J.: 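Let me give you the structure first, and then I'll get to my questions.
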Amino acid sequence: MHRDVSALSSGPFDLLVVGGGIYGAWAACDAARRGLTVALIERTDWGAGTSSASSKLIHGGLRYLEHGWFRLVRKTLVERDLLVRLGPHRIRPLRVVLPVDRRGRRGPFQLRVGLTMYDWLAPRASAWAAHRKLDQHELATRCGFLSTQDLNGAFEYGDAVTDDARFVLEVVDGSIRAGAVAANHVEAVALLRSAGGVEGVVAEDRLTGRRFDVRARLTLAAAGPWLSGPPFRTDAEPDPIRRAKGVHLMLPALPTDRAVLLTARSDGRPIFLIPWLGRTLVGTTDTPFKGPAGSERVEDRDVDYLLTESRRALVDQPWSASDIVGSFVGVRAMVASRAANPAAVPREWKLGEPARGLMLSLGGKLTSARVDATRAVDAVVHRLGRGLASSTTSSQPFPWAPDGIFDDWLDGAVSRGEQLGLDPEAARSIALRHGRNVDRLHTLLAAEPALAARIAAPCPLVMAEVVHAARDEMAGTVDDIVRRRVPVAILASTDSAALAGATRLAERELLT
Ligand SMILES: Cc1cc2nc3c(=O)[nH]c(=O)nc-3n(C[C@H](O)[C@H](O)[C@H](O)COP(=O)(O)OP(=O)(O)OC[C@H]3O[C@@H](n4cnc5c(N)ncnc54)[C@H](O)[C@@H]3O)c2cc1C
């Protein structure tokens, strides 16, 4: 993946997509595969907005059943099933343990009804995800770290987990392979307006400061929470979205491969503890956010809420503030709604069309972005008056999905990695994180065996990934590498030798 900013001036393109989160990535990929000429620009880095700050779940959303959002749950469960099949390296099944809290708001009967409905709404092929009740022995074996003091049994069900930033990166690469011109660190600073409507944008390359026009017949703004401000909206126009802030913490690993879904005692919200790259991802908060996109911060009260609610569920309450190794914050953009509580605002997606030539991608989820983007591209094709092929993203494997039988490929990739000096867990992790591109990492390791070293001991990320990110994954800054492509900045403390080592290597590679 290489950045070609000059090609952006070669328009007019059929479609310009502004925003390289999961929605922009899928829209650009789908449109390019259908034969449209496409440009995709992103003001910072691929996935740097909400799409790298999610809970990383590809899920139907069990709790949405309480709100009666059955259509949404059905849609996202169908997507979960499809994405697991199309990208088995990227979207990994995950078992989730659901303890029943004696002092909680939902009893075993209510939970069993919800889980049965969740299974029932899922496609038939999702039998792997079916729920079951856990007896005391099973619970103790799988999650012995859960305090049983207030427990009234537990269930287990299936969903899926991903690395959201790499998910976006892979789909962006898919768009480039299909012919799109895509560049990160390019910001749309103004809309190009004429009597006929919007004809593209004035863009700025944020790495050089150069400004230029990107011309297009249609512009799709997939700018997430940035849609509330310029250049997409003036203060005189109604805000098309509603925003809520969500914080996650990274804490030490728990001895399990299961996620745990807790219910916060203070407000009844769901809190996930998710095993992720050698740590436990704890989240999320959900509070209204009114400031400019990008100004959101992790605050003490967010940390207190997550720590208090997660600690109380664990034997001996092991975690304290000093155990937090990292944190991140993102802003959810939802279709504008009057609901008082952000948790009650539907996670539906909608296409806005505020002016001729301009469309807005509003709301949605990481899980449903692919199918929602096909609807945006259907509308684009319709507006352009073209009889172009329909979407293929529901049948084409992910861009980095390996050929052949997946499990055989994975066994082969792990054993090759081990021969090259990786420990077994890291060998498996890099195969899953890079898919068919793992061959390039193996080539790097064969030339420089020292790159097989882990960056931070508890996490299966290795130095070769930093080199690969700088050379082959369109990283423009050190942050692009250590926050998203190889996310050691959220998995290791900011003052750690691990982060310093990865940063030095990233700097050196970006300079050469
Ligand atoms: C805390 C939290 C947890 C979540 N957990 C889950 C989950 O587990 N599963 C799930 O399915 N969904 C989850 N979601 C929802 C999901 O993350 C979002 O729906 C999704 O990431 C939105 O993607 P997007 O592409 O619309 O927006 P974004 O990812 O925000 O992308 C918009 C992009 O536009 C860029 N941009 C903005 N302005 C400009 C400009 N002028 N020029 C160029 N580029 C610009 C930004 O830099 C940004 O990268 C969660 C959301 C939050 C906040």
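Whatever order the structure lists ligands and atoms in, that order sets their numbers, starting from 1. For the single chain, residues carry numbers from 1 onward in sequence order. Remember, predicted model here, so these are calculated numbers, not experimental data.
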J.: Just to check, does V201 reach to within less than 4.0 Å of ligand 1 when the distance is taken from its heavy atoms?
T.: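 Distance cut 4.0 Å: V201 fails for ligand 1.
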J.: Without hydrogens or angle criteria, can the side chains of S6 and D4 be said to hold a donor-acceptor pair below 3.5 Å?
T.: yes
J.: With sequence neighbours excluded, tell me which residues meet side-chain hydrogen bond (donor to acceptor under 3.5 Å, both in side chains) with R279.
T.: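 Listed in chain order: nothing, the list is empty.
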J.: If the cut-off is 4.0 Å to any non-hydrogen atom of G21, which atoms of ligand 1 fall inside it?
T.: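 With G21 as reference, the close atoms of ligand 1 come out as 25 (O), 29 (O), 31 (O), 33 (C).
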J.: Please identify which atoms of ligand 1 are closer than 4.0 Å to at least one heavy atom of Y23.
T.: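 In order of number, 23 (O), 24 (P), 25 (O), 26 (O).
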J.: Only heavy atoms count here, so choose which of A48, G246, P230, S55 is nearest to atom 3 (C) of ligand 1.
T.: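 Among A48, G246, P230, S55, the closest heavy atom to atom 3 (C) of ligand 1 belongs to S55.
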J.: For the pair W349 and Y23, name the ring-plane relationship: parallel under 30°, tilted 30 to 60°, perpendicular over 60°.
T.: parallel
J.: Using the test ring-ring contact (aromatic ring centres under 6.0 Å, His included), find all partners of F398 that sit at least two apart in sequence or belong to another chain.
T.: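 Residues passing ring-ring contact (aromatic ring centres under 6.0 Å, His included) with F398: W26, F167.
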J.: Angle between ring planes, F328 versus H248, binned at 30° and 60°: parallel, tilted or perpendicular?
T.: parallel
J.: Among E79, R332, K365, which one has a heavy atom closest to atom 2 (C) of ligand 1?
T.: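 Among E79, R332, K365, the closest heavy atom to atom 2 (C) of ligand 1 belongs to R332.
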J.: Of M334, R206, E296, E42, which has the heavy atom at the shortest distance from atom 33 (C) of ligand 1?
T.: E42
J.: State the atoms of ligand 1, each with its element, that fall below the 4.0 Å cut-off from a heavy-atom position in G364.
T.: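 Those atoms are 19 (O).
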J.: Measure from NZ or CZ of R85 to the centre of the six-membered ring of W128 and say whether it is under 6.0 Å with the direction within 45° of the ring axis.
T.: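 Checked: cation-pi criterion not met.
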J.: Relative to ligand 1, is V186 under 4.0 angstrom through side chain, backbone, both or neither, heavy atoms considered?
T.: backbone
J.: Just which atoms of ligand 1 are under 4.0 Å from any heavy atom in T284?
T.: 1 (C)
J.: Side chains of T308 and D304: any donor to acceptor distance under 3.5 Å?
T.: no
J.: Ignoring hydrogens and angles, state whether a donor on the side chain of D164 or S52 is under 3.5 Å from an acceptor on the partner side chain.
T.: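 Their side chains do not contain a donor-acceptor pair, so the 3.5 Å distance test is not met.
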J.: Quick one: does ligand 1 sit under 4.0 Å from the side chain of A333, the backbone, both or neither, non-hydrogen atoms only?
T.: neither
J.: Provide the number and element of each atom of ligand 1 under 4.0 Å from a heavy atom of K56.
T.: 8 (O)
J.: Measure W226 to ligand 1 on non-hydrogen atoms and call it side chain, backbone, both or neither using the 4.0 Å cut-off.
T.: side chain
J.: What is the nearest protein non-hydrogen atom to atom 9 (N) of ligand 1, stated with its residue, atom name and distance?
T.: L57 O, 2.7 Å
J.: Does ligand 1 have an atom that lies less than 4.0 angstrom from a heavy atom of K245?
T.: no
J.: Give the numbers and elements of all ligand 1 atoms closer than 4.0 Å to a heavy atom of F232.
T.: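 Under 4.0 Å from F232, ligand 1 has these atoms: 38 (N), 40 (C), 41 (N).
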J.: Ignoring hydrogens and geometry beyond distance, is a side-chain donor-acceptor pair present between E79 and T76 at under 3.5 Å?
T.: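 Result is no, nothing qualifies.
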J.: Please name the residue in the list S390, S391, S394 that meets the side-chain hydrogen bond (donor to acceptor under 3.5 Å, both in side chains) test with D30.
T.: S391
J.: Does P225 come within less than 4.0 angstrom of ligand 1, counting non-hydrogen atoms of the residue?
T.: yes
J.: Considering T50, L366, V189, L227 one by one, which has a heavy atom nearer to atom 10 (C) of ligand 1 than any of the others?
T.: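 When every heavy atom of T50, L366, V189, L227 is considered, L366 comes closest to atom 10 (C) of ligand 1.
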J.: Evaluate T116 against D119 for side-chain hydrogen bond (donor to acceptor under 3.5 Å, both in side chains), listing each step before the verdict.
T.: CA-CA 5 Å; T116 305; D119 290 346; 5.7 Å; no
J.: Provide the number and element of each atom of ligand 1 under 4.0 Å from a heavy atom of T44.
T.: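 Result: 47 (O).
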J.: Side chain, backbone, both or neither: which part of A222 has a heavy atom under 4.0 Å from ligand 1?
T.: backbone
J.: Could you find the nearest protein heavy atom to atom 41 (N) of ligand 1 and give me its residue, atom name and distance?
T.: A188 O, 3.0 Å
J.: Within a distance under 4.0 Å of any heavy atom of H59, pick out the atoms of ligand 1 and give their elements.
T.: 7 (C), 9 (N)
